[in-house]
Structures are given as structure tokens and as C-alpha cells.
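Let me begin by presenting the structure, written as C-alpha cells, before commenting on it.
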Amino acid sequence: MNVDSIRDGIVIDHIAAGNAMKLYRLLGLEGLGVPVAMITNAVSAKRGRKDIIKIDADIPVNFDVIGYVDPGATVNIIRGGDLKEKKQIGMPERLTNVLYCKNPRCITSCEQELDQVFCLTDKAKKEYRCLYCETKASNL
Ligand SMILES: [Zn+2]
């Protein structure tokens with residue numbers, strides 16, 4: 001795969017160095033069977049070192065996951081070889097089915113069909129809590 005010639009896909013840029021692997025895992029890119037290029041420790045004018053993920057396929061990507069792992073990341077959407085859209089993601093207020101509550105007494109542990117919802121409770125600390133029992137999410 002030529003990483004510079006994506007026709008239809010997504011480039012996640014300005015990921016803090018070291019976060020690309022985590023993002024790759026949380027986005028579930030592994031199991032999709034699409035071409036993905038990961039560049040780690042690239043030199044960035046803005047952030048010193050950065051990671052980049054290039055997905056050479058028109059697949060839905062969970063932007064909340066990107067914002068959760070790295071609120072400073074930018075997403076470039078490529079269509080027909082051109083940059084169609086550039087998005088700054090930021091920290092999501094709510095995460096659905098990304099984090100899982102570890103409290104065994106939480107209602108989500110008993111009722112499996114419930115969505116796992118976490119809300120941002122402290123932006124400065126990047127702290128998320130379970131919507132149902134307020135258990136703090138452990139960092140992934
Ligand atoms: Zn809970």
C-alpha cells in the first residue's frame with residue numbers, strides 16, 4: 001500500500017506519539033481486514049512527535065473513540081483522492097459501548113442488553129463515569 005495515495009479513506013493525524021496502537025485496538029481496526037498504515041514517531045511541527053493512522057477504505061469510524069483516546073487528533077476524510085473534510089474531534093461528552101463498567105453490582109452487569117454509557121465528568125482530568133452507577137472508568 002502506498003500510504004500517500006489513499007483514494008477513499010480516513011487519515012487520523014496529530015495523534016500524540018504512542019497512542020496509535022491503542023487507537024488501532026479500540027477502533028477495532030484489526031478485525032476489519034482493510035488496509036491500515038500506522039506511522040509512529042513522525043516529526044510534527046505542532047506536537048513534537050506524533051503518530052498517524054491511515055485507513056485505505058471507506059468504513060465507518062467511531063469518532064468518539066478517537067476523541068477519547070486523543071482529543072488533539074485530527075481526522076481527514078479522503079474521497080476520490082481529495083481531502084473532503086478535516087475534523088477536530090475533541091473530548092466526547094458521552095461514550096456508548098466503548099468502555100465497560102467493572103462494577104459487578106452495576107445494572108449493566110445484570111442486564112446485558114443495556115448500552116454501556118459513560119459520561120465525561122471531569123474534563124481537566126479526562127474522567128469518565130458510568131451513567132448508571134457512577135463508577136469511574138479505568139484508563140485503558
Ligand atoms: Zn456501572
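For ligands, and for the atoms within them, numbers begin at 1 and follow the listed sequence. As a basis for the values below, the full set of heavy atoms in this structure was taken, side chains included, without hydrogen atoms, waters or symmetry mates.
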Is it true that a side-chain atom of Asp70 and a backbone atom of Ala16 form a donor plus acceptor pair closer than 3.5 Å?
-> yes
Just the protein N/O/S atoms under 2.8 Å from the Zn ion (ligand 1), please, no waters.
-> Cys101 SG, Cys106 SG, Cys130 SG, Cys133 SG
Residue among Gln116, Lys136, Glu134 satisfying side chain to side chain contact (heavy atoms under 4.5 Å, CB included) with Cys101 | Gln116
Side-chain heavy atoms of Tyr68 within contact of Phe118, under 4.5 Å | no
Answer yes if the side chains of Asn97 and Asp115 hold a donor-acceptor pair under 3.5 Å, and no otherwise.
-> yes
Grab the two heavy atoms, one from Glu30 and one from Tyr24, that are nearest each other, plus how far apart they are.
-> CA-OH, 3.6 Å
Side-chain atoms of residues 81-88: list all donor-acceptor pairs with protein atoms under 3.5 Å, sequence neighbours left out, distances to 0.1 Å.
residue : atom : partner : partner atom : Å
Lys86   : NZ   : Asn76   : OD1          : 3.4
Gln88   : NE2  : Gly72   : O            : 3.3

